[in-house]
Amino acid sequence: MTTLPFPLAPDPDDYSLEAGRKLFAGPSEFVKGVVAMDGLPTPDRLEVCFAGRSNVGKSSLINALTGTKGLARASNTPGRTQEINFFTQGPELYLVDLPGYGFANAPVKVVEKWQRLLKRYLSGRQTLRRAFLLVDSRHGIKPVDDEIMKLLDTSAVTFQCVMTKADKVKVKDRESVLSQVRNALSKHPAAFPEIILTSSEKGDGIATLRSTIAHLE
């Protein structure tokens, strides 16, 4: 039997399921939006960050993960929000929402400033345990995703691919997209060797993602 590289993450067992439930049963609150390194909150707890192209469904995923409607707000104009947004998840965890990338309308200087901030955050945040790279299940990995994966490689930040909007793709079409994603991930040493398939609308994969975060140390 051939083992696929980057298999789908298995459903969590009862112990892991409960750990994830307990972690995300606590309150979720917006802390601040950061535009410079000196504005980062005190690194007094573990944190995970979420990165993805504009319109990948990042805000919807964070809201589904925390069970808090409207916690993360999607901008009507993709790429307009240029802040790193911090949320507390109970007393033990920061959820960090990175600005959507791949936008065409932002001025070059704005993009360059954001890229510098992102590089400094990823390489200098000791409490950052994992980045979750969100990829639209309908489209797979694009060249702009490859750029962020290279940045994560050079920053030595482990990242895990989370496929969003899985309910929008027919099962027969999903395998070809997964094959493309697996091939792209195989070129990046910082990629964690499991993919999480999610649907914020249907709730698919949310418990798996919660359990994954709960077991980071």
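In this structure the side chain of Lys168 reaches within 4.5 angstrom of the side chain of Glu201, judged on heavy atoms. Counting heavy atoms from C-beta outward, Glu194 and Thr212 have side chains that stay 4.5 Å or more apart. Looking only at side-chain heavy atoms (C-beta outward), Asp167 and Ser137 stay at 4.5 Å or farther from each other. Side-chain contact between Ser28 and Leu95: absent, with no pair of heavy atoms (C-beta onward) separated by less than 4.5 Å. Side-chain contact between Thr198 and Asp204 is absent, with no heavy atoms from C-beta onward closer than 4.5 Å. Met149 has its side chain within reach of Leu185: a pair of non-hydrogen atoms, C-beta onward, lies under 4.5 Å apart. Looking at Pro43 and Arg125, their side chains come closer than 4.5 Å, going by heavy atoms from C-beta outward. Under the 4.5 Å side-chain criterion, counting only non-hydrogen atoms from C-beta, Ile195 is in contact with Arg182.
Using a 30° and 60° split on the angle between ring planes, Phe86 and Tyr121 fall in the perpendicular class, above 60°.
The side chain to side chain contact (heavy atoms under 4.5 Å, CB included) test with Val162 singles out one residue from Leu133, Leu61, Val135, and that residue is Leu61.
Side-chain N or O atoms of Gln89 include one that pairs as donor or acceptor with a backbone N or O of Leu23 at under 3.5 Å. Proximity of a side-chain donor or acceptor of Ser179 to a complementary backbone N or O of Glu175 within less than 3.5 Å is not detected. Listed for the Asn183 side chain is no donor-acceptor partner under 3.5 Å among the backbone atoms of Gln180. A donor-acceptor pair is defined here as one N or O able to donate and one able to accept, closer than 3.5 Å; such a pair exists between the side chain of Thr164 and the backbone of Val56.
Here the straight-line distance linking atom CG of Asp145 with atom CD1 of Ile148 works out to 8.5 Å at 0.5 Å rounding.
Smallest separation of non-hydrogen atoms from Ala19 and His215: CB-CE1, 3.9 Å.
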Stepwise salt bridge (Lys or Arg N to Asp or Glu O under 4.0 Å) test for Arg53 and Asp136: CA-CA 9 Å; Arg53 295 196 307 271; Asp136 193 319; 5.3 Å; no
Side chain to side chain contact (heavy atoms under 4.5 Å, CB included) between Thr88 and Arg45, worked out: CA-CA 10 Å; Thr88 54; Arg45 64 193 74 193; 3.6 Å; yes
Chi angles and distances behind the salt bridge (Lys or Arg N to Asp or Glu O under 4.0 Å) call for Glu147, Lys150: CA-CA 5 Å; Glu147 291 177 26; Lys150 288 176 182 175; over 6 Å; no
Worked verdict on His188 versus Leu152 for side chain to side chain contact (heavy atoms under 4.5 Å, CB included): CA-CA 9 Å; His188 295 278; Leu152 290 159; over 6 Å; no
Verdict with reasoning, Tyr94 to Thr127, per side chain to side chain contact (heavy atoms under 4.5 Å, CB included): CA-CA 9 Å; Tyr94 279 129; Thr127 47; over 6 Å; no
Criterion side chain to side chain contact (heavy atoms under 4.5 Å, CB included) on Cys49 and Leu122, from CA distance to verdict: CA-CA 9 Å; Cys49 68; Leu122 290 173; 4.3 Å; yes
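Between the side chains of Ser60 and Asn63, not a single donor N or O lies within less than 3.5 Å of an accepting N or O.
Linking ILVMFWY side-chain heavy atoms closer than 4.5 Å, directly or via other members, places Phe30 and Val96 in two distinct hydrophobic clusters. Under the 4.5 Å side-chain heavy-atom criterion for ILVMFWY residues, no single connected hydrophobic cluster contains both Phe159 and Leu46. In this structure, Val31 is a member of the same hydrophobic cluster as Leu98, with clusters built from ILVMFWY side-chain heavy atoms closer than 4.5 Å. Linking ILVMFWY residues whenever their side-chain heavy atoms come closer than 4.5 Å, directly or via other members, leaves Phe87 and Leu40 in distinct clusters. Leu197 is not connected to Leu134 by any chain of hydrophobic side-chain contacts under 4.5 Å among Ile, Leu, Val, Met, Phe, Trp and Tyr, and they are in different clusters.
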